[in-house]
S.K.: 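Just passing along the structure, written as structure tokens.
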Amino acid sequence: MSAADDYDKMTKEEREARDKADRQREREEQAALPYTWRQELGDVDIVVPLSVGLKGKDKIMDGELCKDIKVEDSTWTLEDQEAVHIHLEKVNKQQWWANVLTHHPKLDTTKIQPENSKLSDLDGETRGMVEKMMFDNQQKLNKMEALKKFQAAHPELDFSNAKIS
């Protein structure tokens, strides 16, 4: 049995407790990294604080990136001799990163709650796709609402094995 199956069998309270513990563990793991990072669907921003006396110490960002980036669109800057700011443009702008380097702790990307954006901020193709998904979802909700009303009006009918598309 997989962890997802176990999670599905939990009560709401058990899920909330597990989610809270997982978020706390992720915060602690991320805080232990030698850098901080944040992401949006299209990019990743990393801040590496510079300590005095880096010479002869282990590399701070040594390893393989977890996903591909657009090297020509990615940049770094040194800010006030205190931190290096790294901006990475993702190749796949539709995917959250679980970590920056493959050997670092992972985030549960299924729990990411992105900031709200406006449809007008999206490119034409993506906007069309989102609008279609919103329309399809609304149609599905309308069908489900109609089915509930029909079931309420006809309690004598058994819908337990009904397959609704």
Side-chain angles (χ1 to χ4, degrees), residues 1-49 60-61 63-70 85-165:
M1 185 176 296
S2 73
D5 291 336
D6 291 342
Y7 189 83
D8 290 341
K9 292 181 180 178
M10 291 181 179
T11 66
K12 181 181 178 191
E13 292 79 19
E14 290 171 330
R15 286 182 188 180
E16 288 173 356
R18 181 166 165 187
D19 288 346
K20 184 177 180 181
D22 287 347
R23 282 191 304 274
Q24 180 61 32
R25 178 190 45 78
E26 285 179 356
R27 275 193 296 275
E28 291 169 4
E29 289 174 346
Q30 295 299 310
L33 293 173
Y35 57 87
T36 58
W37 68 291
R38 58 171 285 287
Q39 68 177 315
E40 293 183 11
L41 272 175
D43 55 49
V44 173
D45 289 304
I46 305 164
V47 177
V48 182
I60 295 172
M61 298 284 298
E64 184 180 338
L65 289 173
C66 73
K67 304 285 182 194
D68 293 330
I69 63 166
K70 294 180 181 178
H85 291 255
I86 304 168
H87 177 80
L88 304 175
E89 283 292 323
K90 297 178 180 179
V91 169
N92 183 345
K93 295 183 178 284
Q94 300 299 315
Q95 187 175 39
W96 296 109
W97 286 15
N99 51 12
V100 175
L101 301 175
T102 56
H103 66 282
H104 284 170
K106 292 184 175 184
L107 299 173
D108 182 355
T109 57
T110 63
K111 305 287 189 215
I112 292 177
Q113 295 182 340
E115 293 180 21
N116 289 335
S117 60
K118 299 175 188 161
L119 280 176
S120 60
D121 293 341
L122 303 174
D123 64 74
E125 181 181 346
T126 305
R127 180 178 177 167
M129 184 173 55
V130 170
E131 286 175 340
K132 182 182 181 334
M133 289 170 47
M134 290 170 59
F135 177 79
D136 291 347
N137 192 46
Q138 187 60 44
Q139 293 298 101
K140 184 177 178 182
L141 290 173
N142 290 344
K143 284 181 184 177
M144 295 305 291
E145 189 63 34
L147 177 62
K148 285 180 184 176
K149 287 179 182 176
F150 186 80
Q151 286 175 323
H154 300 281
E156 71 278 4
L157 298 176
D158 179 17
F159 289 91
S160 59
N161 293 322
K163 297 210 185 319
I164 311 299
S165 59

S.K.: Are there more than 12 heavy atoms of other residues, nucleotides or ligands under 6.0 Å from atom CD of Gln139?
M.R.: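 Yes, CD of Gln139 has more than 12 neighbouring heavy atoms, counting only those of other groups under 6.0 Å.
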S.K.: Looking at CG of Asp8 and CE of Met10, how far apart are the two atoms once the value is rounded to the nearest 0.5 Å?
M.R.: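 The distance works out to 9.5 Å.
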S.K.: Does Met129 CE have over 12 foreign heavy atoms under 6.0 Å away?
M.R.: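 Check passes, neighbour count above 12.
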S.K.: Who passes salt bridge (Lys or Arg N to Asp or Glu O under 4.0 Å) against Glu14, sequence neighbours left out?
M.R.: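 Glu14 satisfies salt bridge (Lys or Arg N to Asp or Glu O under 4.0 Å) with no other residue.
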S.K.: Mind checking the CG-CZ spacing from Leu107 to Arg27? Nearest 0.5 Å is all I need.
M.R.: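 Answer rounded to 0.5 Å: 11.5 Å.
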S.K.: Check this for me: Gln24, atom CD, are more than 12 non-hydrogen atoms of other residues, nucleotides or ligands nearer than 6.0 Å?
M.R.: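 Result for CD/Gln24: enclosed.
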S.K.: Are the charged groups of Lys140 and Asp136 less than 4.0 angstrom apart, N to O?
M.R.: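 Not counted as a salt bridge, because no side-chain N and carboxylate O are separated by less than 4.0 Å.
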S.K.: Can you name the side chain to side chain contact (heavy atoms under 4.5 Å, CB included) partners of Glu13, sequence neighbours left out?
M.R.: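 Glu13: side chain to side chain contact (heavy atoms under 4.5 Å, CB included) contacts with Thr11.
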S.K.: Working to the nearest 0.5 Å, report the span between CG of Asp45 and CZ of Arg38.
M.R.: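 So the gap between those two atoms works out to 5.0 Å.
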S.K.: Sort out for me which residue in Leu88, Asp43, Val44 forms a side chain to side chain contact (heavy atoms under 4.5 Å, CB included) with Ile69.
M.R.: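 Among Leu88, Asp43, Val44, the one meeting side chain to side chain contact (heavy atoms under 4.5 Å, CB included) with Ile69 is Leu88.
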S.K.: Run the side chain to side chain contact (heavy atoms under 4.5 Å, CB included) test against Thr36 and tell me which residues pass, sequence neighbours left out.
M.R.: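 Thr36: side chain to side chain contact (heavy atoms under 4.5 Å, CB included) contacts with Val47.
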S.K.: Take Arg25 and Glu29, measure what salt bridge (charged side-chain N to carboxylate O under 4.0 Å, His left out) needs, and give me the verdict at the end.
M.R.: CA-CA 6 Å; Arg25 178 190 45 78; Glu29 289 174 346; 3.1 Å; yes
S.K.: Excluding sequence neighbours, so at least two apart, what forms side-chain hydrogen bond (donor to acceptor under 3.5 Å, both in side chains) with Asn92?
M.R.: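 Result, side-chain hydrogen bond (donor to acceptor under 3.5 Å, both in side chains) vs Asn92: Gln95.
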S.K.: Could you list all the salt bridge (charged side-chain N to carboxylate O under 4.0 Å, His left out) pairs where at least one residue sits in residues 102-114, not counting sequence neighbours?
M.R.: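 Non-adjacent pairs meeting salt bridge (charged side-chain N to carboxylate O under 4.0 Å, His left out): Asp19-Lys111.
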S.K.: Below 3.5 Å, can you tabulate the donor-acceptor pairs from side chains in residues 148-156 to any protein atom, sequence neighbours excluded?
M.R.:
residue, atom, partner, partner atom, Å
His154, ND1, Glu156, OE2, 3.4

S.K.: Enter the distance from Met61:CE to Ile86:CD1 here, rounded to the nearest 0.5 Å.
M.R.: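 It comes to 5.0 Å.
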S.K.: Measuring from atom OG1 of Thr110 to atom CH2 of Trp96, what distance do you get when rounded to the nearest 0.5 angstrom?
M.R.: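 Result: 12.5 Å between the selected atoms.
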S.K.: With rounding to the nearest 0.5 angstrom, report the NZ to CG distance, Lys90 to Asp68.
M.R.: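 Between atom NZ of Lys90 and atom CG of Asp68 there are 12.5 Å.
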S.K.: Any Lys/Arg nitrogen of Arg127 or Glu131 sitting under 4.0 Å from an Asp/Glu carboxylate oxygen of the other?
M.R.: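 Salt bridge present between Arg127 and Glu131.
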